[in-house]
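Below, chains carry the letters A, B, ... as their sequence lines are ordered, and counting in each starts from 1.
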Amino acid sequence: MSEELLTVENLVAGYGAVEVLHGVSLSIRKGQILSIVGANGAGKSTLLNTISGFIPIRSGDIRQEGRSIAKQAPAVIARAGIRHVPEGRRVFSELSVEENLQLGGYGQPKAVVQARIEHIYELFPRLLERRGQAAGTMSGGEQQMLAIGRALAADPKVLMLDEPSMGLAPLVVAEIFRLICRLRDEMGMGILLVEQNAKAALRIADLACVLSLGKVTMHGTGAELLHNPDVVDAFLGGHKAA
Amino acid sequence: MEVFIQILITGIVVGCIYGMAALGFTIVYNATKLINFANGEFLMLGGVVLTGAVTIAGLPTGVAVPVAVAVSAAIGWVMQRVILENARHSDHLTLVMLTIGVALALRGAAALVFGRDISFVPEFGFIPLVLVGNVYIPSQGIWIMLTLAVLSLALWYLFSRTLFGKAMRAASQEPRAAALCGIEPKKAAVIAMIMAAAIGGLAGTLMAPISAASYENGIFLGLKGFAAAVVGGLGNPLGAILGGLLIGVIESVTAGYVASGFKDAIGFIILILVLILRPQGLAGRAVISRV
Ligand SMILES: Nc1ncnc2c1ncn2[C@@H]1O[C@H](COP(=O)(O)OP(=O)(O)OP(=O)(O)O)[C@@H](O)[C@H]1O
Ligand SMILES: [Mg+2]
């Protein structure tokens, strides 16, 4: 088995009086995509926000390569190489594309970051064309690419993506999913992919799980879940999960 | 005409001071979304520490000014680290009340340390006054205008040319996304407060020779700076400077042509008019509300 980059163990977290995650466990390995699918309100974003340090942990643990990061601040976790591309992209809209990418590598040597940015431009030629444009004026798909590029500028070990396909045209979605596979295959990143577009997410996943009402209710390889009748019923069948 | 130009120059000089006060509000607001009502006290501190250093300690102006700026900056640092940071989980109103508490404490401390008398310091000198016809620009006024010009350039450079300044802007626009980039919002907040305190302290030293330093000055300078920041469009540094200049000039024109007693009210009349007619401020962009 390859190296465990990130381990989540019996994680309990929530907001105020509401407990949202009731003991979630999972792990992400080098060069693997772990897809998490689940209905609206299942707690997917809450899980990523808790791993990123925005939501305090009530019990359980989060470890990066064996070391607990459960009580660290978000900026510290980000600098440790766990990068989260948040739901809704959250690009720095007044800054240019290139400035967004440079801030992705904030705190790291300038030359190293610039070299990574050149690489990001190879992955997303569209960003190169628009390097001087204010990020807020770009299309949704371009902003998603920028949000991913911004995370890549730090050369993360673990990349967490929250619904990268949301609101995007099918062709753009396909492009982004192809890119996610390249990041795994060429750069050996561990990827945690949260998606409502369950079919696409399971297809590229090495491992996958279903999160429902704050619990992991099913897990297996991507192919297993893709052909599991319960999953098909709940997420792949009709319009129920759309 | 000459009288008018003379009045204009007086207004611009005072407006530069208001602009610097407004910059303090703006920079802190951008970093933390907090209106720091202790901001005017930084100007007060600059003035009283400068006069204290010159008259009590006998320091030359060239040394006393940096000392006063440093004292003010240090107090900003302590205020952020010791008080606001520890209370950061309190609700917004509590934090604003805390800044008012700090303002009162600084006022009391200044009265205690430097006394309640208003005191004077000599002008900075060195730059000669300029006479054009019958219009004259006082030496200290030139110091003030030059300082604001240099300061504006420096801030422009910081926020639009350095990654550090861009990180501060990013942290103010999208604090969570900035944290996800490894930018510490706490650090940005401390640096913003230190900058505001240093700029305020500097403005306070600059005006001490022309309008006497007193422990009481903080309140009215703070209110004028706040009005200027809002008139210019809260959060916009250029707007803060323009708002300061506008209020300074209109005050001066009012004092010259209407009645000097009316001068202090006019700044707030402008503030109220702007809030009614153009709530995003004169230089602010239209606020697009998202549904
Ligand atoms: N800031 C918050 N305060 C209180 N409750 C919240 C907050 N954010 C989310 N919740 C609640 O937590 C639960 C899980 O929300 P979460 O956003 O994690 O779901 P999700 O799986 O990401 O859903 P979606 O697919 O719609 O993005 C929901 O019931 C939601 O109402
Ligand atoms: Mg979500």
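The shortest side-chain heavy-atom distance between B/C181 and A/R83 falls under the 4.5 Å cut-off.
No more than 12 heavy atoms of other residues, nucleotides or ligands shown are found within 6.0 angstrom of CZ on B/R81. Remark: B/K187 NZ is loosely packed, at most 12 non-hydrogen atoms of other residues, nucleotides or ligands lying under 6.0 Å away. Applying the 6.0 Å contact sphere to CZ of B/F268 captures more than 12 heavy atoms from other residues, nucleotides or ligands.
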Legend entry - Evaluation steps, side-chain contact (heavy atoms from CB on, under 4.5 Å), between B/R176 and A/R90: CA-CA 8 Å; B/R176 281 181 157 235; A/R90 303 272 160 209; 5.9 Å; no

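Both the backbone and the side chain of B/E184 come within contact range of chain A, judged by heavy atoms closer than 4.5 Å. In this structure, the portion of A/V91 lying under 4.5 Å from any heavy atom of chain B is its backbone and not its side chain. Of the two parts of A/N49, only the side chain, counted from C-beta on, holds a non-hydrogen atom closer than 4.5 Å to a non-hydrogen atom of chain B.
Note that CG of B/L180 and CZ of A/R150 are 7.5 Å apart. Values are rounded to the nearest 0.5 Å. If you take CZ on A/F92 and CZ on B/R169, they are separated by 11.0 Å, rounding to the nearest 0.5 Å. The structure places CZ of A/R89 at 12.5 Å from CD of B/E174, a figure rounded to the nearest 0.5 Å.
Nearest heavy-atom pair, A/A78 versus B/A179, reported as atom, atom and distance to 0.1 Å: CB-O, 3.6 Å. In plain terms, the two heavy atoms of A/L95 and B/K166 that are nearest each other are CD1-O, 3.9 Å.
For the options B/G182, B/A167, B/P185, heavy-atom pairs under 4.5 Å to chain A are most numerous at B/G182.
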